[in-house]
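Atoms considered below: every heavy atom in the structure, side chains included; atoms not considered: hydrogens, waters and symmetry mates. Lettering follows sequence order; numbering is per chain, from 1.
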Amino acid sequence: MHEKIIEIAVRRGFLYPSFEIYGGLSGFYDYGPLGALLKKNIEDLWRNYFCLQEGFLEISSPTISPEEIFIASGHTGNFTDPIVKCTKCGNFFRADHLLQSYDIEAEGLNSDKIDHLIKERNIKCPDCSGSLGKVKTFNLMFKTYISPGKGKVGYLRPETAQSMFILFTRLYNFYRRKLPFGVAQIGRAYRNEISPRQGLIRLREFTQAEVEIFIDPRNNNHTKFQQYAEEKVRLLPRDRDDTIEITARESVDLGIVAHEFLSYYIVHTKNFLLACGIPEEKLRFRQHLLEEMAHYARDCWDAEIYTRQFGWIEVVGIADRTDYDLRAHEKGSGTELKAFREYVKPEIVREIKIEPLMNKLGPAFKSKAGDIAEKIRNLSPEETGDEIKIELEGDVYTISREYFCIKETKKKITGEKFNPHVIEPSFGIDRIFYSILETSYIERDGKNILRISPALAPMKVSIFPLVKKEPLPEIALDISDRIKRKSIFTYYDENDSIGRRYARSDEVGIPYSITIDFDGVESKTVTLRDRDTTEQVRIKTDKVPAFIKKLVDGDLKFRDIKEAH
RNA sequence: GCGAGCAUAGUCUAGGGGUCAGGACAGGGGCUUCCCAAGCCUCUGGCGCGGGUUCGAAUCCCGCUGCUCGCACCA
């Protein structure tokens, strides 16, 4: 089944293993002509759901980033696993985990320290008691050097998300300083997997479609939640062994999903995947176990699709990343990444302050004046009498009342700054691509059919002159041109028998076929065939482009045309 | 990264130390008023890479790479 799908995908131009003529390299795939179109269509559908409908605009950032970003985000730490290999049995172990199993705190230690500890405690292989080799680090990020010579260390991004956090203030201004707002990005990300062996499911270079939605954590309600509140979703909460099917509202009310925002995107994601043609029964949302959750996440639900080959695979992660990332980058960059929350009522803050009078202090204390003033400011008003003593570099200065005053200030505070929290739906486009291929594949009379939805199908309509004799090809090419003027891909084929051509067309998932025959020359009609039923209907040639457009857009069903004729 | 198995056209496969590596399907061209992989003619295309043994290697040996499975890894 899996082999069959991959065979079709490779043979018919959806996928090619990369670098084949140089021997190939696992973890990399080329999308062929039809694959690239299908992928593009998935991305466009995603844009419709997550940009257009949600009002989240898309940005596009570099795939290479300087190392500081990943130091700040925690990726350098989390992507560099210390690994140790047994010299006898050859098994690999996470070196820090090994130490921890001996109750030795190893979190955050570098590999030299861990190596030292292993030698010092004489720790042996837990499997065969053989002696352990040197601790090595394994980094899942691809490293590179920016600029020649010594260059700055950089990494290929392991997720598209970071660039959106970094741009927070720019984007916050773009959205005119209002929360919530969202930003989207479709782009490549890179992870140097140790041994990727699951085709499109685990790639070293892959495409993510991510949205970062910045919200005020005091308001987790979603203004459009109503719209989805009564929709049912299949959930697998972390404390259960089986899925439950409940409405979005129930999931929030029962405290299963943390809040409306997450719940809303679970439903929205479900609807997107259904629009991709994934059958609802092959879809569920699984909550991450506590220990499984990333260091930044508060709650995370994965959309999973059931595949025959790999079982349940994660295709989307919907996480509440809290304010982890914005705070991390604030710290890392020294730049504030905050939003402003206005109070319902402004607060008046009264403050009593000691204010050094510089016009007196200056002439009297000359070069010491600045330091003395600083010390005065740091005193609390209660500590002061008519005079204060200041110690500075061993000398004691007595400052009398004429050099400072005590002032009461009133400040109106209209609100406060805070780090917004981030809700992140993150999609693995390649995995969705695979799922679509797998779930759309069927066999009919020993022939392969890809029942890709009309919206996603790489080619929308085949154009077949029944035989090669004029005027059939001429009419066919003319129809093809008129359809293409509506920005719809057509597939013209005049070779071989008509049955063979239908079979070829079905195998690459073209949902409709137009066949031009001699019967229709006089009456100016052609037949329209539906891939999934093989049914045909004779329609006026003039109407073809408009019908095809409606069929592709989902505004019309083949059945409707059939019934009307 | 470890262990095991595998590697022949686009795909599936036959064979095998020495004149031709054979077939099927797919693909190209041609003929056929041909509606669900029809037929006939014709053409294209292959022993994963590197080294060794040998007079001679696609075949035997070694290494590499890739694929499949198990282990490990999978923020």
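Atom P of B:A57 sits at a distance of 15 Å from the matching atom of B:C49, rounded to the whole Å. Between B:G23 and B:U42, the distance separating the two P atoms is 13 Å to the nearest Å. For the P atoms, the distance from B:G45 to B:A37 is 30 Å, rounded to whole Å. Atom P of B:G10 sits at a distance of 24 Å from the matching atom of B:C69, rounded to the whole Å. On the C1' atoms, B:C12 is 11 Å away from B:A26, given to the nearest whole Å. Remark: the separation of the C1' atoms in B:A58 and B:A7 is 12 Å, to the nearest Å. On the C1' atoms, B:U59 is 15 Å away from B:G48, given to the nearest whole Å.
Contact check, A:Arg204 against B:C74: no side-chain N or O comes under 4.0 Å of OP1 or OP2. Regarding contacts with the backbone of B:C74, every side-chain N or O of A:Arg191 stays at 4.0 angstrom or more from both OP1 and OP2. Distances shown here put a side-chain N or O of A:Arg504 below 4.0 Å from the OP1 or OP2 atom of B:G27.
Evaluation of atom-type donor-acceptor distances gives no pair under 3.5 Å for the side chain of A:Arg501 against the base of B:A37.
Distance from the side chain of A:Val467 is smallest to B:U33 among B:U33, B:C35, B:C69. Side-chain atoms of A:Ile498 lie closest to B:C34 of the nucleotides B:C34, B:A75, B:U33. Distance from the side chain of A:Lys468 is smallest for B:G30 among the nucleotides B:A75, B:A38, B:G30.
For the residue pair A:Tyr502/A:Thr515, the side-chain donor-acceptor check at 3.5 Å is satisfied. For A:Glu494 and A:Tyr492, the side-chain atoms include at least one donor-acceptor pair closer than 3.5 Å. Side-chain polar atoms of A:Thr439 and A:Lys282 form no donor-acceptor pair below 3.5 angstrom. Neither side chain, A:Glu159 nor A:Ser426, offers a donor N or O lying under 3.5 Å from an acceptor on the other.
When Watson-Crick and G-U wobble pairs are counted only if both distances are under 3.5 Å, B:C12 pairs with B:G23. When both distances must be under 3.5 Å, the Watson-Crick or G-U wobble mate of B:A7 is B:U65.
Under 4.0 Å is where a charged nitrogen must lie from a carboxylate oxygen, and between A:Asp517 and A:Arg538 at least one such pair does.
If you check every strand for non-hydrogen atoms under 4.0 Å, A:Gln536 touches a base. Contacts of A:Asp517 with the nucleic acid, taken as non-hydrogen atoms under 4.0 Å apart, include base atoms.
With the nearest nucleotide of RNA chain B identified for both A:Tyr502 and A:Ser497, A:Tyr502 has the one nearer the 5' end. When the nearest nucleotides of RNA chain B are assigned to A:Thr534 and A:Asp493 by heavy-atom distance, the more 5′-ward of the two goes with A:Asp493.
Protein atom CG of A:Leu140 is 14 Å distant from nucleotide atom P of B:G1, rounded to whole Å.
Scanning both residues, A:Arg501 and A:Asp493, for their nearest heavy atoms gives NH1-O, 3.0 Å.
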